[in-house]
> 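Here it is: the structure, laid out below.
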Number of protein chains: 2
Amino acid sequence: MRILLVEDDAEVARFVKKGLQEAGHTVEHAANGRDGLFLAASEGFDVLVLDRMLPGGVDGVRLVETLRGQGNRCPVLFLSALTAVDERVKGLKAGGDDYLTKPFAFAELLARVEALGRRPSAEVPTTRLKVADLELDLLSRTVTRAGRKIEVQPREFRLLEHLMRHAGQVVTRTMLLEKVWDYHFDPQTNVIDVHVSRLRHKLDKGFDRPLIHTVRNAGYMIRAQA
Amino acid sequence: MRILLVEDDAEVARFVKKGLQEAGHTVEHAANGRDGLFLAASEGFDVLVLDRMLPGGVDGVRLVETLRGQGNRCPVLFLSALTAVDERVKGLKAGGDDYLTKPFAFAELLARVEALGRRPSAEVPTTRLKVADLELDLLSRTVTRAGRKIEVQPREFRLLEHLMRHAGQVVTRTMLLEKVWDYHFDPQTNVIDVHVSRLRHKLDKGFDRPLIHTVRNAGYMIRAQA
DNA sequence: CCTCCACCAGCAGGATCCGCATGGGTGTTC
DNA sequence: GAACACCCATGCGGATCCTGCTGGTGGAGG
């Protein structure tokens, strides 16, 4: 399970991250709200674990409200030293799904995180993928960036879908050949390069931040940051 | 929101039920696990609020396990006097979604219940259409009848989708021209007939009961019966 | 500086797909 | 029963669209 932990206390962060990883999950960590929001918005996580209070302008509640405003429904667990009922209610009302107060037992955190991850899109097939301001709608077979529709060919669509399903991760050429081309051998050509190029042309043209990144000697990766 | 409350303590039950109702929800109450399980299994609730310990053979955890075993994914909030971490973990692991210990503030219960109800299948777009043994999967763009895959061309797919979205209703040629061909005039040809014919050929061939029916002087209709 | 890797523009083959026309069938009406 | 209207099926031609390859260029890394 891919989990994003936003926590400024380094000690707590280390502890939680380690524990979740030992339970077999992938954990990304952000130390402040701004970075957390950015990551949460640009990559697909199964669960968000947020400290209620964070340094900088963006605290936990603010972060969730922003996400929800963007249509992001990723389940959120708040972690907080604020134990007052009012605080908890505030967190949940803002769009949080659970609220755990410090100090907490790690076993309970784990159980709650897994409970959150268990429910959401388990069974509900994803119908739209999102990376930063790029959206791909599986139903209408439509691609939009910053609200502007982008025409894409079938193969390009499959390619993009595969990249977006692994946003933030490197996708190797071999994987692409297997999954997008159904090739189980090396065609000895640069088919992939060509299609990636075409996709780039359509997606990143006219935008400052490119989304498709080359990982030399490895493959490609799609994500927001450079 | 439809909520099922399973709680043996009459006093707590009354208190919770009243509060939830005042918040605008519909509440059913069961005083023991057996009745609760029966209700939960037979009616559709948005959220279940379960006492962790219940009289009779069926306690809260048992109830959830049974439901989950039946494929029921209705969100569950446990209410319990057992505060030990182990107990909470047990409840969550059994398939619970949240765990609140008594005594609790009603405001928090309400917030948590609403958080649970907020998340589930709210707004799940239809991803597959079904008419008799004919299925159309919008995501994979796949058509199957009686389990056997049927290859369909893009335009045929759009045509079939439109017919199935209006299953049991007559679809006029004009509607089809508008919605499937984006024509806003009469092309004076039999384009539609041709495509319907092709679709019939693929769908109804080899099956006793045809699904696509002609409505003379009106249009077409898809449905199971003759 | 050299080498390798990746990028991109252009090209041409191919395949798919689509719409039309025709001829035949069936139901309806007089 | 004949004429008509509506609908069905098949084959064909065309056009678009898509795709993959080639080959030269640019840039990163060593």
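To find a chain, count down the sequence lines: A is the first, B the second, and so on, and within it residues start at 1.
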> Determine, for nucleotides 25-30 of chain D in 5'-to-3' order, which nucleotides have protein heavy atoms under 4.0 Å from the base (write B), from only the sugar-phosphate (write S), or from neither (write -).
--BBS-
> I need the residues from residues 172-180 of chain B with at least one non-hydrogen atom less than 4.0 Å from DNA chain C; give them sorted by number, or say none.
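Contacts with DNA chain C under 4.0 Å: none.
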> How are the rings of B:H166 and B:H162 set to each other: parallel, tilted or perpendicular (split at 30° and 60°)?
tilted
> Given side chains that start at C-beta, do those of A:V12 and A:K17 come closer than 4.5 Å, heavy atoms only?
no
> Taking CG from B:N217 and C1' from D:dC7, how many angstroms apart are they, rounded to a whole number?
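Between C1' of D:dC7 and CG of B:N217: 10 Å.
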> Using 0.5 Å steps for rounding, measure from the NE2 atom of A:H213 to the CZ atom of A:R209.
9.0 Å
> Do side-chain atoms of B:R118 reach the backbone of A:G96 as a donor and acceptor pair under 3.5 angstrom?
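Present.
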> Using whole Å, report how far CD of A:E151 lies from P of D:dT19.
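Taking CD of A:E151 and P of D:dT19, I get 14 Å after rounding.
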> Atom pairs under 3.5 Å, N or O on each side, protein against nucleotides 17-21 of chain C: can you list them with distances?
residue: C:dC18; atom: OP1; partner: B:R155; partner atom: N; Å: 3.0
residue: C:dC18; atom: OP2; partner: B:Q153; partner atom: OE1; Å: 3.1
residue: C:dG19; atom: OP1; partner: B:R155; partner atom: NH1; Å: 2.1
residue: C:dG19; atom: OP1; partner: B:W181; partner atom: NE1; Å: 3.3
residue: C:dG19; atom: OP2; partner: B:W181; partner atom: NE1; Å: 3.2
residue: C:dG19; atom: OP2; partner: B:H195; partner atom: NE2; Å: 3.1
residue: C:dG19; atom: N7; partner: B:R198; partner atom: NH2; Å: 3.0
residue: C:dG19; atom: O6; partner: B:R198; partner atom: NH2; Å: 3.4
residue: C:dC20; atom: OP2; partner: B:T189; partner atom: OG1; Å: 2.4

> Please state how far atom CG in A:L159 lies from atom P in D:dG20, giving the value in whole angstrom units.
11 Å
> At what distance, to the nearest 0.5 angstrom, does CG of A:L82 lie from CD of A:E87?
4.5 Å
> Could you state the CG-P distance from B:L199 to D:dA9, rounded to the nearest angstrom?
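Whole-Å distance recorded here is 11 Å.
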> Would you compute the distance between atom CG of A:L4 and atom OG1 of A:T26 and round it to the nearest 0.5 angstrom?
12.0 Å
> Classify the ring geometry of A:Y99 against A:F78: parallel below 30°, tilted from 30° to 60°, perpendicular beyond 60°.
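A:Y99 vs A:F78 ring planes: tilted.
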> Indicate whether OP1 or OP2 belonging to C:dC5 is found under 4.0 Å from a side-chain N or O atom of A:T214.
no
> Report yes if at least one side-chain N or O of B:S197 is closer than 4.0 Å to OP1 or OP2 of D:dA9; otherwise report no.
yes
> Is B:F157 touching bases, backbone alone, or none of the nucleic acid, heavy atoms closer than 4.0 Å?
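No contact.
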> I need the A:Y220 OH to A:L159 CG distance, nearest 0.5 Å.
9.0 Å
> Would you mind reading off the distance between B:D204 atom CG and D:dA9 atom P, rounded to a whole angstrom?
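B:D204 atom CG is separated from D:dA9 atom P by 10 Å.
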> B:Y220 side chain N/O closer than 4.0 Å to the phosphate oxygens (OP1, OP2) of D:dC8?
yes
> Between atom CG in B:D193 and atom C1' in D:dC6, what is the gap in whole Å?
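Spelled out: CG on B:D193 to C1' on D:dC6 is 9 Å.
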> Distance from B:R155 atom CZ to B:L199 atom CG, nearest 0.5 Å?
13.0 Å
> When the distance from CD1 of A:I212 to P of C:dA6 is rounded to whole Å, what number comes out?
15 Å
> Should we say atom NZ of B:K202 is surrounded by more than 12 heavy atoms from elsewhere, each under 6.0 Å from it?
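Buried by this count: over 12 neighbours within 6.0 Å.
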> Between A:F104 and A:F15, what is the ring plane arrangement, given parallel below 30°, perpendicular above 60°, and tilted in between?
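A:F104 vs A:F15 ring planes: tilted.
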> Do the charged groups of A:R145 and A:D133 touch, with an N to O distance under 4.0 Å?
yes
> Quick one: A:K202 NZ to C:dA9 P, roughly how many Å, whole number?
13 Å
